[in-house]
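First up is the structure itself, then whatever we jot down about it.
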Amino acid sequence: MLLTLPLNLGSTQTDLTLQWSGRKTKDGKIDPNYCRVLFYLELERLKEMVIDMQVQNRIIKVTFINGYGAVLEEAADQYLDLLIENLEKMDYKLSGVSFVNPVNGKKRDKGLKSVPFSETGPYSGVDIRI
């Protein structure tokens, strides 16, 4: 499923695009235990940002893809414990957070225990844009 929404961030207006993929439950909904969510944002200062959230067996790995990886990583450090705590309240576990700079391809991982995730296969289905 693909969804684009207008988003106001202070005085800046941008679009938030979300792409969900994953297996379905018996009632036809996306299974929250096994899914992948991609967030696409265009921000005023950080420019283009992609956040890739992979969920497997209620274990989450988050990858931030942005040209300002080191700055973003430093800013995220102060919120990491809060993120872990709030995910645990919803019965999820954070396995890792990584920051990727698409320009130089360098990847930096936060020191959480690494849990392997299967890569999603080729995309098939219908995209709806409103």
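Note that the structure is a prediction, hence the values are computed from the model and not measured. Positions are given from 1, in the same order as the sequence printed here. Atoms considered below: every heavy atom in the structure, side chains included; atoms not considered: hydrogens, waters and symmetry mates.
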Shortest non-hydrogen contact from [X] to [Y]?
X     : Y      : answer
Tyr92 : Val55  : CE2-CG1, 3.9 Å
Leu87 : Leu94  : CD1-CB, 4.0 Å
Gly67 : Pro102 : N-CD, 3.9 Å
Met49 : Leu72  : CE-CD2, 3.6 Å
Ile30 : Trp20  : CD1-CB, 3.5 Å

Side-chain contact, heavy-atom cut-off 4.5 Å: Ile60 with Met53?
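Result yes, sub-4.5 Å side-chain heavy-atom pair found.
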Judged by atom type as modelled, is there a donor-acceptor pair below 3.5 Å linking the side chain of Thr14 to the main-chain atoms of Leu43?
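Answer holds: no.
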Please confirm whether the backbone N or O of Ile59 pairs with a side-chain atom of Asn57, one donor and one acceptor, at under 3.5 Å?
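Looks like no, no N/O pair under 3.5 Å.
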Leu16 vs Tyr40, test: side chain to side chain contact (heavy atoms under 4.5 Å, CB included). Steps then yes/no.
CA-CA 6 Å; Leu16 168 64; Tyr40 303 93; over 6 Å; no
Show your reasoning for whether side chain to side chain contact (heavy atoms under 4.5 Å, CB included) applies to Val97 and Leu80.
CA-CA 9 Å; Val97 177; Leu80 196 54; 3.7 Å; yes
Say you draw a straight line from NZ of Lys89 to CG of Asn86; how long is it, rounded to the nearest 0.5 Å?
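One gets 5.0 Å once the value is rounded to the nearest 0.5 Å.
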Any pair counted as salt bridge (charged side-chain N to carboxylate O under 4.0 Å, His left out), so long as it reaches residues 48-59, sequence neighbours left out
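Output for this query lists Arg36-Asp52, Arg58-Asp91.
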Identified side chain to side chain contact (heavy atoms under 4.5 Å, CB included) partner of Val50 from the options Val100, Thr17, Ile65
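Filter result, single survivor: Ile65.
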Cys35 vs Gln56, side chain to side chain contact (heavy atoms under 4.5 Å, CB included): CA-CA, chis, key distance, verdict
CA-CA 7 Å; Cys35 62; Gln56 184 175 13; over 6 Å; no
For the hydrophobic clusters of this structure (ILVMFWY residues joined by side-chain heavy atoms under 4.5 Å, transitively), does one cluster hold both Ile51 and Leu5?
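As far as the 4.5 Å side-chain criterion goes, Leu5 and Ile51 are connected within one cluster.
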Do you reckon Met1 sits in the same ILVMFWY cluster as Tyr34, going by side-chain contacts under 4.5 Å, direct or chained?
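No; tracing contacts between hydrophobic side chains, which count when under 4.5 Å, never links both residues.
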Worked check of side chain to side chain contact (heavy atoms under 4.5 Å, CB included) between Asp77 and Tyr79
CA-CA 5 Å; Asp77 273 342; Tyr79 298 105; over 6 Å; no
Under the side chain to side chain contact (heavy atoms under 4.5 Å, CB included) test, which residues partner Asp27, sequence neighbours left out?
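Partners of Asp27 by the side chain to side chain contact (heavy atoms under 4.5 Å, CB included) criterion, ordered by chain and then number, come out as Thr25, Lys29.
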